[in-house]
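Report on the structure given below.
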2 protein chains.
Amino acid sequence: MTRPFAPAIDLLRRAGLRPTRQRVALARLLFDGTDRHVAADALHAAAVAAGVRVSLATVYNALHQFTAAGLLREVVVDPGRSYFDTNTVDHHHFYVEDDGTLADIPAEDVTLGAIPPPPAGTELRRVDVVIRVGRRRGRGRARKN
Amino acid sequence: MTRPFAPAIDLLRRAGLRPTRQRVALARLLFDGTDRHVAADALHAAAVAAGVRVSLATVYNALHQFTAAGLLREVVVDPGRSYFDTNTVDHHHFYVEDDGTLADIPAEDVTLGAIPPPPAGTELRRVDVVIRVGRRRGRGRARKN
DNA sequence: GTGTTTGCAAAGTGTTTGCAATTTA
DNA sequence: TAAATTGCAAACACTTTGCAAACAC
């Protein structure tokens, strides 16, 4: 019944974030050992479902703070929706366009050769490989315009 | 003074789209031979600046119709803003995070080895490689929380 | 003519902000 | 107690929609 709070609290402390009730609750939902891809909305729903009183605005704040602290990584695959990944190790993604689902791909499963040099005055931040897939399509019928 | 309209009209016709005044005007702005990365907003502004009477809603419609017709490709690099690329040939991107700028990278400049098989029931749609770069940072000072 | 496309303004998304009330250390 | 954090609701940026008027063929 009582999952330990200590690990989440430590995690936050180590990240330099105050372990407030809502941050601890969110951290416990997020960092349970499995790799998750969450949208603010879904996390908020999960928190509420778990009986945690937290506002959506606080969830957004927490997600950004966690990201800034290196506990999460933001994944951009869909304009108009942000996903946060609990896997902060270098890796890539499958994105199932039809249902907005993400799946990790270990970095070593994608061979990425030499990368062209960044434009002048800029430095490399990250390389994101997104493999977009979709439910297999019938042999699509013609459409007019 | 009079840039030819015929090419744009043909382009639209071939794509199965009615060459209406606004679609022709937008096509002429977009397909001038160079590779462009536009957001709806910017294209609308450009059209208005060029003296074309067109509403933002129509620009959105046109961009999606052009994309569906294969004349454009949507590039997702920023949650909350859609970019459309006039280069529909297979290629990748640099994304300068600090100023929201995109630059093309020819497909052959990125070596992509074997790709893991798509999740069950799905088929490959596209592989996007986004190399995120940023203005070179000073040696960032400490921040607290 | 007839069906398509447009413009407008309103409605939607998803996200951020301002600020008083609350909580943490 | 002082400073950080929260919740709420309002403000946001961007995108989509509904429908009458305008347009293409």
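Note on naming: letters A, B, ... go to the chains in the order of the sequence lines (proteins, then strands), and numbering restarts at 1 for each one.
Taking atom CG of A/Asn61 as the reference point, atom P of C/dT17 lies 9 Å away to the nearest angstrom. At whole-Å resolution of the value, OH in A/Tyr60 and P in D/dG7 are 15 Å apart. One interatomic measurement links the two molecules: NE2 of A/His44 to P of C/dT15, which rounds to 13 Å at whole-angstrom precision. The distance between atom CG of A/Asp41 and atom P of C/dG12, rounded to the nearest whole Å, is 17 Å. In this entry the distance linking CD of B/Gln65 with P of D/dT16 reads 12 Å, nearest Å. Rounded to whole Å, the distance from CG on B/Leu17 to C1' on D/dA24 is 13 Å. When the P atom of D/dA24 is taken as reference, atom CZ of B/Phe5 falls 13 Å away, rounded to whole Å. Atoms CG (A/Leu26) and P (D/dT6) sit 9 Å apart, rounded to a whole Å.
Close to C/dT16, at under 4.0 Å from its OP1 or OP2, lies a side-chain N or O of A/His64. Taking side-chain N and O atoms only, B/Ser82 has no distance below 4.0 Å to OP1 or OP2 of D/dC14.
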- What do the steps show when you test A/Arg135 against A/Glu97 for side-chain contact (heavy atoms from CB on, under 4.5 Å), and what is the final call? CA-CA 8 Å; A/Arg135 261 197 288 289; A/Glu97 300 186 330; over 6 Å; no

- Let me see the working for B/Asp104 and B/His37 under side chain to side chain donor-acceptor pair (under 3.5 Å), right down to the final yes or no. CA-CA 9 Å; B/Asp104 282 354; B/His37 301 99; 2.6 Å; yes

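Between the base of C/dT24 and the side chain of A/Arg18 there is a donor-acceptor pair shorter than 3.5 Å.
For A/His93 and A/Asp85, the side-chain atoms include at least one donor-acceptor pair closer than 3.5 Å.
Comparing C/dG7, C/dT15, C/dT23 by their nearest atom to the side chain of A/Arg21 picks out C/dT23. Among the nucleotides C/dT16, D/dT6, D/dT16, the one closest to the side chain of A/Thr58 is D/dT6. Comparing C/dT5, D/dT5, C/dT24 against the side chain of B/Thr20 picks out C/dT5 as the nearest.
Figure legend. D/dT5 is base-paired to C/dA21; pairs are counted as Watson-Crick or G-U wobble with both atom distances under 3.5 Å. Across the strands present, D/dA22 finds its partner in C/dT4; the criterion is a Watson-Crick or G-U wobble pair with both atom distances under 3.5 angstrom.
Each of B/Arg81 and A/Ser55 lies near DNA chain D, and the nucleotide nearest A/Ser55 is the one positioned closer to the 5' end. Positionally, the nearest nucleotide of DNA chain C for B/Gln22 lies more toward the 5' end than for the other of A/Arg13 and B/Gln22. When each of B/Gly80 and A/Leu56 is assigned the nucleotide of DNA chain D with its nearest heavy atom, A/Leu56 is the one assigned upstream, toward the 5' end.
Aromatic rings of A/Tyr60 and A/His44 (six-membered ring for Trp) have centroids beyond the 6.0 Å cut-off, not under it.
The pair A/Asp128-A/Arg73 meets the salt-bridge criterion, since a charged nitrogen lies less than 4.0 angstrom from a carboxylate oxygen. For B/Asp98 and A/Arg125, the salt-bridge test passes: some basic side-chain N is under 4.0 Å from an acidic carboxylate O.
Across all strands, B/Pro19 comes closer than 4.0 Å only to sugar-phosphate atoms, never to a base (heavy-atom distances).
The gap from the P atom of C/dA10 to that of C/dG14 amounts to 22 Å, rounded to the nearest Å.
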